There are 2 protein chains.
Amino acid sequence: MIGKRRTQTRKKIFAAFNHFQKPISVLELYSFLHKQVDLTSIYRNLELMKKTGGIIEIDFGDGKKRYELPKNHHHHLICESCGAVKDLKINDESIFNKTKDQGFLIKKHRLEFFGLCKNCQ
Amino acid sequence: MIGKRRTQTRKKIFAAFNHFQKPISVLELYSFLHKQVDLTSIYRNLELMKKTGGIIEIDFGDGKKRYELPKNHHHHLICESCGAVKDLKINDESIFNKTKDQGFLIKKHRLEFFGLCKNCQ
DNA sequence: ATTCTTGCAAAACGTTTGCAATCCG
DNA sequence: CGGATTGCAAACGTTTTGCAAGAAT
């Protein structure tokens, strides 16, 4: 069965997530690990962790995937100037109500805000 | 000044948008135009149209950009099985209220829903 | 020992860039 | 004519795949 071995690589990757407070890209992870873990292995392990729920995939729409450890459901405020990311909790109920009479069965949703943080305004 | 000539290519691209009721990808556009317009030109013109407000860029998080003509502000319900897309109007006020005390100046936001349409459930 | 996992190389994918040829006004 | 626009080829950044060598149980 795939994904069950506690390898050195997996320990390193998991540990790395605790050093970031924001969603991280594959390359950020790669750099953080001093390129001692091959990019391919990072990709494969992140994919695996994603499937098993160990991490959440986030998409900022800039062409690269990002990942973070599962926390309470939240969204993000992203600064388009400096890249700062701030978590934002929103009660989604008000949003979801509108989707109910559309015949769709909603599985997930994505909501992100882009703008300028305090420092960059 | 860039973007001011009414070329054949631009007429074709603009016309193509009227044949779709959903956000279209570059490749969909390319196919629709029977590959008679080079991919590069499509990319360049879409970028230009985006900057001048002629089209809106949409991101479904699947690694390819999509575009649609500007309509009233709305979001999308995307069927993960058949790819159907349904527009969804939502009053964003309730969402934005939460962002106001975060110090961020919000420029834009993205909200999309993923699930199964009526036919695919 | 067996199977999972890794690294390397190469390819795939969407997109962008350089440049000479072409079109538009 | 002169600058904007195009097509082609090549490069780019991110992600995926094939496969033999290596590590975990």
Side-chain angles (χ1 to χ4, degrees), chain A residues 1-17 20 22-52 54-68 78 80 83 85 110 112, chain B residues 1-17 20 22-52 54-68 78 80 83 85 110 112:
Chain A
M1 181 195 290
I2 270 179
K4 289 299 178 189
R5 289 186 180 168
R6 190 162 296 172
T7 68
Q8 297 306 311
T9 296
R10 283 174 185 163
K11 285 178 195 169
K12 287 178 192 166
I13 291 178
F14 184 76
F17 271 99
F20 291 91
K22 60 170 189 174
I24 56 176
S25 68
V26 173
L27 239 52
E28 284 171 325
L29 199 44
Y30 186 51
S31 296
F32 180 79
L33 297 176
H34 304 293
K35 309 190 179 183
Q36 285 160 8
V37 174
D38 193 80
L39 266 181
T40 307
S41 297
I42 296 180
Y43 276 108
R44 282 194 272 232
N45 278 306
L46 291 181
E47 182 65 18
L48 205 53
M49 293 170 79
K50 183 180 105 180
K51 281 183 180 154
T52 60
I55 50 174
I56 306 277
E57 187 177 286
I58 313 280
D59 193 315
F60 287 176
D62 62 349
K64 43 188 107 164
K65 294 176 180 173
R66 286 179 173 77
Y67 301 87
E68 69 180 355
I78 300 128
E80 292 177 317
V85 177
R110 287 207 337 240
E112 315 290 350
Chain B
M1 181 194 289
I2 271 179
K4 289 299 177 188
R5 291 188 178 167
R6 189 162 296 171
T7 67
Q8 297 306 312
T9 297
R10 284 174 184 165
K11 286 179 194 170
K12 287 178 193 168
I13 292 177
F14 184 76
F17 271 99
F20 291 90
K22 60 170 190 175
I24 56 176
S25 68
V26 173
L27 240 50
E28 284 172 324
L29 200 43
Y30 187 50
S31 297
F32 181 80
L33 297 177
H34 304 294
K35 308 188 178 181
Q36 286 162 6
V37 173
D38 193 80
L39 266 181
T40 307
S41 296
I42 296 180
Y43 276 109
R44 281 194 273 230
N45 278 306
L46 291 181
E47 182 64 18
L48 205 54
M49 294 170 79
K50 182 179 107 182
K51 281 183 179 155
T52 59
I55 50 174
I56 306 278
E57 187 177 286
I58 313 279
D59 193 316
F60 287 177
D62 63 350
K64 43 189 108 160
K65 294 175 180 173
R66 287 179 173 75
Y67 301 87
E68 68 180 358
I78 299 127
E80 291 177 317
V85 177
R110 289 205 337 237
E112 315 291 351

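Chain naming here is simple, since letters A, B, ... match the order of the sequence lines and numbering starts at 1 in each. Model, not experiment: these values are computed from the prediction.
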If I take atom [atom1] in residue [X] and atom [atom2] in nucleotide [N], what distance separates them, rounded to the nearest angstrom?
X	N	atom1	atom2	answer
A/Asn45	D/dT16	CG	P	13 Å
A/Asp62	C/dG14	CG	P	17 Å
B/Asp59	C/dG14	CG	P	14 Å
A/Lys12	D/dA23	NZ	C1'	13 Å
B/Arg10	D/dT6	CZ	C1'	10 Å
B/Glu28	C/dG14	CD	C1'	14 Å
A/Asp38	D/dA23	CG	P	15 Å

Can you find a heavy atom in the side chain of [X] that is under 4.5 Å from one in the side chain of [Y]?
X	Y	value
A/Leu46	A/Leu29	yes
B/Lys12	B/His34	no
A/Phe17	A/Ile55	yes

Can you name the side-chain contact (heavy atoms from CB on, under 4.5 Å) partners of A/Arg66, sequence neighbours left out?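 For A/Arg66 the side-chain contact (heavy atoms from CB on, under 4.5 Å) partners, ignoring immediate neighbours, are A/Pro23, A/Ser25, A/Ile58, A/Phe60, A/Asp62, A/Lys64.
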
Determine the minimum heavy-atom distance between B/Tyr30 and B/Val37, stating which atoms define it.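 Looks like CE1-O, 3.1 Å.
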
Closer to the 5' end of DNA chain C via nearest nucleotide, is it A/Val37 or A/Met1?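 On the 5' side of the pair lies A/Met1.
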
Quick tally for nucleotides 15-24 of chain C: nucleotides whose base has a protein heavy atom under 4.0 Å get B, sugar-phosphate-only ones S, the rest -, giving BBBBB---BB

So, B/Phe32 versus B/Phe20, ring centres under 6.0 angstrom or not?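 Yes, close enough.
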
Give me each pair satisfying side-chain hydrogen bond (donor to acceptor under 3.5 Å, both in side chains) with a member in residues 39-52 of chain B, each pair once, sequence neighbours excluded.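 For residues 39-52 of chain B: B/Arg10-B/Asn45, B/Asp38-B/Thr40, B/Lys50-B/Glu57.
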
Need the bend value for the helix from C/dA1-D/dT25 to C/dG25-D/dC1: angle between end axes, 5 pairs each end, nearest 10°.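 Roughly 30° between the end axes, to the nearest 10°.
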
Want to settle it: does A/Lys4 or B/Thr9 sit nearer the 5' end of DNA chain D, counting the closest nucleotide to each?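 The 5'-side residue here is B/Thr9.
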
Taking only residues two or more places apart in sequence, or in another chain, which ones meet A/Phe14 in a ring pair (Phe, Tyr, Trp, His ring centres under 6.0 Å)?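 Per chain and number, A/Phe14 pairs via ring pair (Phe, Tyr, Trp, His ring centres under 6.0 Å) with no residue.
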
Counterpart residues, side-chain hydrogen bond (donor to acceptor under 3.5 Å, both in side chains), relative to A/Glu112 (two or more places apart):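 Listed in chain order: A/His76.
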
